[in-house]
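Remarks on the structure that follows.
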2 protein chains.
Amino acid sequence: MGEKTDFLGSVLEGCVSLSRIMADGRRQMVGLLFPSDFIGRPMRPEAPFDAIAVSEVRLCIFSRSRFESLLHDTPALEQRLLEMTLDELDSAREWMVLLGRKTAKEKIASFFAIAARRLAAVRQVALEDGVSLDLPLTREDMADYLGLTIETVSRQISVLKKEKLIIMRDARHLTIPNYNALLEVAGDDSDGGMIA
Amino acid sequence: MGEKTDFLGSVLEGCVSLSRIMADGRRQMVGLLFPSDFIGRPMRPEAPFDAIAVSEVRLCIFSRSRFESLLHDTPALEQRLLEMTLDELDSAREWMVLLGRKTAKEKIASFFAIAARRLAAVRQVALEDGVSLDLPLTREDMADYLGLTIETVSRQISVLKKEKLIIMRDARHLTIPNYNALLEVAGDDSDGGMIA
DNA sequence: CGGCAGTTTGACCAACATCAAGTTGGGTGG
DNA sequence: CCACCCAACTTGATGTTGGTCAAACTGCCG
């Protein structure tokens, strides 16, 4: 778990997962890092979670010691990192609500809604009805992110397809005809949990 | 959800919960704040979660604006806050593993183990076999923290009692005869998830 | 044309939720 | 001091969601 990395960095391109694997093999993803997200655990040599590339990635890497001294000397950088960490904390807590209290169908709908929001942010375009995107995760990765099994993920995706809440050209390519309708199903009141 | 507080602060005595209530009433606790923990959301006027006192509490309160300017002018304070926030983030992620992948029994065992660790830290004593403590939460609060119902919480506590992993003098007073045995049941490999 | 990883679907099962009584214990008023 | 009350908790019977096991399907690569 969590190699002792001597590097910190940020994601430039692609997608990186953060996860924990329990002794008996159960796995839970605890975060999904998109371009501009910070990667690594400043101020602690052992990272408590595994960072795994989910697609091809380009990273920007700094040595831990150089980053930490730079951080120490640059209050503006430290402030920026604090802001990012506070946002990550809010995201993690939103995800706790999903894991603890949402149904399988709500979890899938939430994940699709969030993936669309993140991708729109990365592309720097507005999030409109009819957005299309390629899912960054396999069914197995989704299951581990959502606290489900791959079979349940697959079944609930089929349900959402049948209800016309999503359109899938193939297993990876998603279109959301009506974003607000999807949010409704996700169980988020109106403005839809502002997650990772 | 999350009143617009003009105050930030830290817990001096007692215990405060952070939670989200969904539109239909489902509730998920996303954090439990003990003495020395920070409370509030710096750099963002709206708190995204409700802070609710779980017991009688004493807080140390600062006005938001004064705290934020102090923060801006005091790199050491900012660094301390960054460290605390990074620790909270790790804790939140550990909790995600619990919510997403642990069984009801493992969740209860984890909660008891963590409560004992936190209480020992607050009391500044070592965590030894035979520790006793009064649970800070009702069964309902525990259920909302663990993503369960009160009935399941109650039943799994009964199971742990029958297996002599815990002793309960009454519904609130807990004794842990063998901490490592409890960690074993909690599903954490050996050193037992370092959670908030 | 296989072969294989990823996915889908079906039949069945188990864990946890729900619904419904009881039980306990501390607090109040007679 | 006792009787009652009520909230918190426990326990039992049954229901439902999501997990497990198993079999097929898809599309891509060699």
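Just the heavy atoms: all of them, side chains too, but no hydrogens, waters or symmetry mates, feed the values below. Naming: A, B, ... by sequence-line order, numbering from 1 per chain.
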Worksheet entry | Partners meeting side-chain hydrogen bond (donor to acceptor under 3.5 Å, both in side chains) with A:R41 (sequence neighbours left out) | B:D87, B:D90
Worksheet item: If you link I, L, V, M, F, W and Y whenever their side-chain heavy atoms are under 4.5 Å apart, who else ends up in the same group as B:L82?
Response: A:L8, A:F38, A:M43, A:F62, A:F67, A:L70, A:L71, A:L77, A:L81, A:L82, A:M84, A:L86, B:L8, B:F38, B:M43, B:F62, B:F67, B:L70, B:L71, B:L77, B:L81, B:M84, B:L86
Worksheet item: Just checking, is any N or O donor in the side chain of A:S154 or A:R139 under 3.5 Å from an acceptor N or O on the other one?
Response: no
Could you pull out every donor-acceptor pair under 3.5 Å between side chains of residues 167-178 of chain B and any protein atom, sequence neighbours left out?
| unit_1 | atom_1 | unit_2 | atom_2 | d |
| --- | --- | --- | --- | --- |
| B:D170 | OD1 | B:R172 | N | 2.8 |
| B:D170 | OD1 | B:H173 | N | 3.0 |
| B:R172 | NH1 | B:L135 | O | 2.9 |
| B:H173 | ND1 | B:D134 | OD1 | 3.3 |
| B:T175 | OG1 | B:S132 | OG | 2.8 |
| B:N178 | OD1 | B:N180 | N | 3.2 |
| B:N178 | OD1 | B:A181 | N | 3.0 |

Worksheet item: For residues 149-165 of chain B, which residue pairs qualify under salt bridge (Lys or Arg N to Asp or Glu O under 4.0 Å), counting only residues two or more places apart or in two chains?
Response: B:K105-B:E163
Fill in: Which residues share a side-chain hydrogen bond (donor to acceptor under 3.5 Å, both in side chains) with A:E140, sequence neighbours left out
none
Fill in: All side-chain hydrogen bond (donor to acceptor under 3.5 Å, both in side chains) counterparts of A:T152, not counting sequence neighbours
A:T149
Find every protein N or O atom lying less than 3.5 Å from an N or O atom of nucleotides 8-15 of chain C, and list the pairs.
| unit_1 | atom_1 | unit_2 | atom_2 | d |
| --- | --- | --- | --- | --- |
| C:dT8 | OP1 | A:R139 | NH2 | 3.0 |
| C:dT8 | OP2 | A:R139 | NE | 2.6 |
| C:dT8 | OP2 | A:R139 | NH2 | 3.4 |
| C:dT8 | OP2 | A:S154 | OG | 2.8 |
| C:dT8 | O5' | A:S154 | OG | 3.1 |
| C:dT9 | OP2 | A:S158 | OG | 2.5 |
| C:dG10 | N7 | A:R155 | NH1 | 2.8 |
| C:dG10 | O6 | A:R155 | NH2 | 3.3 |
| C:dA11 | N6 | A:R155 | NH2 | 3.4 |

Mind listing the side-chain donor-acceptor pairs of residues 52-61 of chain B below 3.5 Å, one per line with the distance, residues two or more places apart or on another chain?
| unit_1 | atom_1 | unit_2 | atom_2 | d |
| --- | --- | --- | --- | --- |
| B:S55 | OG | B:C15 | N | 3.2 |
| B:R58 | NE | B:E13 | OE2 | 3.0 |
| B:R58 | NH2 | B:E13 | OE2 | 3.1 |

Response to the item:
When rounded to whole Å, the NZ to C1' distance for the pair B:K107 and C:dA17 reads 12 Å
Worksheet, complete the sentence: Between NE2 of B:H173 and C1' of C:dG26 the distance, given in whole Å, is 18 Å
Practice prompt. If you link ILVMFWY side chains whenever their heavy atoms are less than 4.5 Å apart, which other residues fall into the same cluster as A:L12? By chain and number, please.
Written response: none
Discussion item. To the nearest 10°, give me the bend of the helix from C:dC1-D:dG30 to C:dG30-D:dC1, comparing the axes of its five terminal pairs at either end.
Written reply: 30°
Item to complete: Identify, with sequence neighbours excluded, every residue that meets salt bridge (Lys or Arg N to Asp or Glu O under 4.0 Å) alongside A:D73.
Response: none
Discussion item. Need two values: the first and the last nucleotide of DNA chain D, 5' to 3', having an atom under 4.0 Å from any heavy-atom of chain A.
Written reply: D:dG18 to D:dC21
Practice prompt. Round to a whole Å and report the spacing from CG of B:L148 to C1' of C:dA17.
Written response: 10 Å
